[in-house]
Number of protein chains: 2
Amino acid sequence: MKTLKYSRQRESIKACLMARHDHPTADALYTAIREEYPNISLGTVYRNLNLLVELGEIQKLTCGDGADHFDADTSPHYHFVCRTCGQVKDLRLDSMEEINHLAQEHADGQIESHTIYFYGTCNHCLKN
Amino acid sequence: MKTLKYSRQRESIKACLMARHDHPTADALYTAIREEYPNISLGTVYRNLNLLVELGEIQKLTCGDGADHFDADTSPHYHFVCRTCGQVKDLRLDSMEEINHLAQEHADGQIESHTIYFYGTCNHCLKN
DNA sequence: CTGGGTGCAAAAGATTTGCAGTCCG
DNA sequence: CGGACTGCAAATCTTTTGCACCCAG
């Protein structure tokens, strides 16, 4: 296995992602990070995000709105996607690990994990 | 609201999707349909798939493997994605509508629906 | 030094869209 | 006829990658 080397860009990407709770896309993160590192490239952001996902330090959210979103919170929780404004918000439910076993009974294979996305309209958009 | 007109391409796309149970991507469907209609264009396939999704006649699956998949079965069921071969298979669990209510208690908005994807290794890939 | 990391720009994939021509109602 | 639909190709958008240079260990 290959040895990681320190990179201030990677640290910055991780720190920036941990500091916010809005699950930004790679491009949104790129825009934010450029304020501190104006020369960072989008390719570097993507490379590091993918690396951090592989290391299990962050997770990638594919909620179906075109671009992937990223979340530095790897504790078990789900996501609520507002179909009006596109915001992705955390949704913390009691452990639903049991549904893996439930699904296992009907699955044609070995289930390892699951993902749930809830869709609807967020309170902010409901007011308008 | 605009009135739909008949189109043999759209009929063919829908029929072709209903005939198979492997949740093809737009491109896979395009390849299959070209055997019957060699001149159909990929743009037409996309346009009609999106239209059928809007009409609620089919559903789009965004399981995170790059391309969207389509499913003519709109009855309540979930999907199992093999991380090895990429196949997407149906997974029919007892109604889980109740988790919408469970999630509603913690959500910052009005929940309308949810999607669950299960990930793992299918039996065929486990053997190899 | 050496190999991992970076910036840049080009490439790759998936999906959408503008346009002129075609066909349904 | 009018407007919906199509084929085609160009355009978009997101993400990946090749390459020369840079920097951590």
Side-chain angles (χ1 to χ4, degrees), chain A residues 1-17 22-55 57-71 81 86 88, chain B residues 1-17 22-55 57-71 81 83 86 88 117:
Chain A
M1 71 185 223
K2 74 172 165 188
T3 321
L4 279 237
K5 275 185 184 170
Y6 170 86
S7 111
R8 83 194 92 165
Q9 288 89 335
R10 179 162 46 248
E11 285 312 301
S12 164
I13 288 167
K14 195 178 166 188
C16 187
L17 188 57
D22 62 341
H23 316 307
T25 60
D27 197 67
L29 209 44
Y30 169 61
T31 300
I33 289 174
R34 256 195 310 182
E35 293 186 10
E36 188 182 358
Y37 295 93
N39 292 321
I40 199 172
S41 79
L42 186 54
T44 295
V45 173
Y46 272 106
R47 269 187 295 240
N48 280 299
L49 285 172
N50 285 337
L51 183 52
L52 291 168
V53 168
E54 278 170 39
L55 294 173
E57 299 188 20
I58 67 174
Q59 64 173 315
K60 183 186 285 191
L61 308 179
T62 304
C63 59
D65 68 345
D68 289 339
H69 294 243
F70 295 86
D71 187 350
V81 182
V88 182
Chain B
M1 73 187 222
K2 75 172 166 187
T3 321
L4 278 241
K5 275 186 185 170
Y6 170 86
S7 113
R8 83 194 92 167
Q9 288 89 335
R10 179 158 56 240
E11 284 313 301
S12 164
I13 288 167
K14 194 178 165 189
C16 187
L17 189 57
D22 62 341
H23 315 308
T25 60
D27 197 68
L29 209 43
Y30 168 62
T31 301
I33 289 174
R34 256 193 311 180
E35 294 186 8
E36 189 183 356
Y37 295 93
N39 292 320
I40 199 172
S41 79
L42 186 54
T44 295
V45 173
Y46 272 106
R47 269 187 294 238
N48 280 298
L49 285 172
N50 285 337
L51 183 52
L52 291 168
V53 168
E54 278 169 38
L55 294 173
E57 298 189 19
I58 67 174
Q59 63 173 316
K60 183 186 285 191
L61 307 178
T62 304
C63 58
D65 68 346
D68 289 340
H69 295 244
F70 295 86
D71 187 350
V81 182
R83 285 211 151 102
V88 182
Y117 291 107

Practice task
When you get a sec, tell me which of D:dT14, D:dC8, C:dT15 is the closest nucleotide to the side chain of B:Ser41?
Solution key: D:dC8
Completion exercise
Here the distance between atom P of C:dT6 and atom CZ of A:Arg34, to the nearest Å, is 16 Å
Practice task
Mind calculating the distance between CG (B:Asn48) and C1' (C:dT15) to the nearest angstrom?
Solution key: 14 Å
Problem - Whole angstrom value for the distance that separates P of C:dT15 from CG of B:Leu29 - result: 12 Å
Practice task
Write down the distance between OH (A:Tyr46) and P (C:dG7), rounded to a whole number of angstrom.
Solution key: 15 Å
Practice task
Take atom CZ of A:Arg10 and atom P of D:dG25, then tell me their distance rounded to the nearest Å.
Solution key: 10 Å
Completion exercise
Result for 5'-nearest mapping on DNA chain C, choosing between B:Arg8 and B:Lys60, is B:Lys60
Practice task
Report yes if at least one side-chain N or O of B:Asn50 is closer than 4.0 Å to OP1 or OP2 of C:dT16; otherwise report no.
Solution key: yes
Problem - Check: A:Leu51 and A:Glu57 side chains under 4.5 Å, non-hydrogen atoms - result: no
Handout entry: Comparing B:Tyr6 and B:Pro38 on DNA chain D - which has the more 5′ nearest nucleotide
Key = B:Tyr6
Handout entry: Touch class at under 4.0 angstrom, heavy-atom based, for A:Arg47 against every strand present
Key = base
Practice task
Would you please confirm or rule out a distance under 4.0 Å between OP1 or OP2 of C:dC23 and any side-chain N or O of B:Gln9?
Solution key: no
Exercise for the section: Assess A:Arg34 against A:Tyr30: is NZ or CZ under 6.0 Å from the centre of the six-membered ring, and within 45 degrees of the ring's axis? Expected result: yes
Fill in the blank from the handout: From the list B:Ile13, B:Leu61, B:Val53, side-chain contact (heavy atoms from CB on, under 4.5 Å) with B:Phe70 holds only for B:Val53
Exercise for the section: Name the nucleic acid region contacted by A:Asp27, choosing base, sugar-phosphate or nothing; use a 4.0 angstrom heavy-atom cut-off, strictly under. Expected result: nothing
Exercise for the section: Quick one: pull up CZ in B:Arg47 and OG in B:Ser41 and give me the separation to the nearest 0.5 Å. Expected result: 6.0 Å
Problem - Nearest-0.5 Å distance that lies between atom CG in A:Leu52 and atom CZ in A:Arg10 - result: 7.0 Å
Problem - Length of the NZ-P vector between A:Lys14 and C:dG5, whole Å - result: 14 Å
Fill in the blank from the handout: Which of D:dA4, C:dG7, C:dT15 is nearest the side chain of B:Ala26? It is C:dT15
Practice task
Quick one: label A:Leu42 by what it contacts on the DNA or RNA (base, sugar-phosphate, nothing), any heavy atom closer than 4.0 Å.
Solution key: base
Exercise for the section: Identify which nucleotide among C:dT2, D:dT14, D:dC5 has an atom closest to any side-chain atom of A:Lys5, counting heavy atoms from C-beta outward. Expected result: C:dT2
Practice task
May I ask you to verify if any side-chain N or O of A:Ser7 is less than 4.0 angstrom from the OP1 or OP2 atom of C:dG4?
Solution key: no
Practice task
May I have the distance from B:Leu52 (atom CG) to C:dT15 (atom C1'), rounded to whole angstrom?
Solution key: 16 Å
Practice task
Can you tell me the distance, in whole Å, between the CD1 atom of A:Ile33 and the P atom of C:dG7?
Solution key: 10 Å
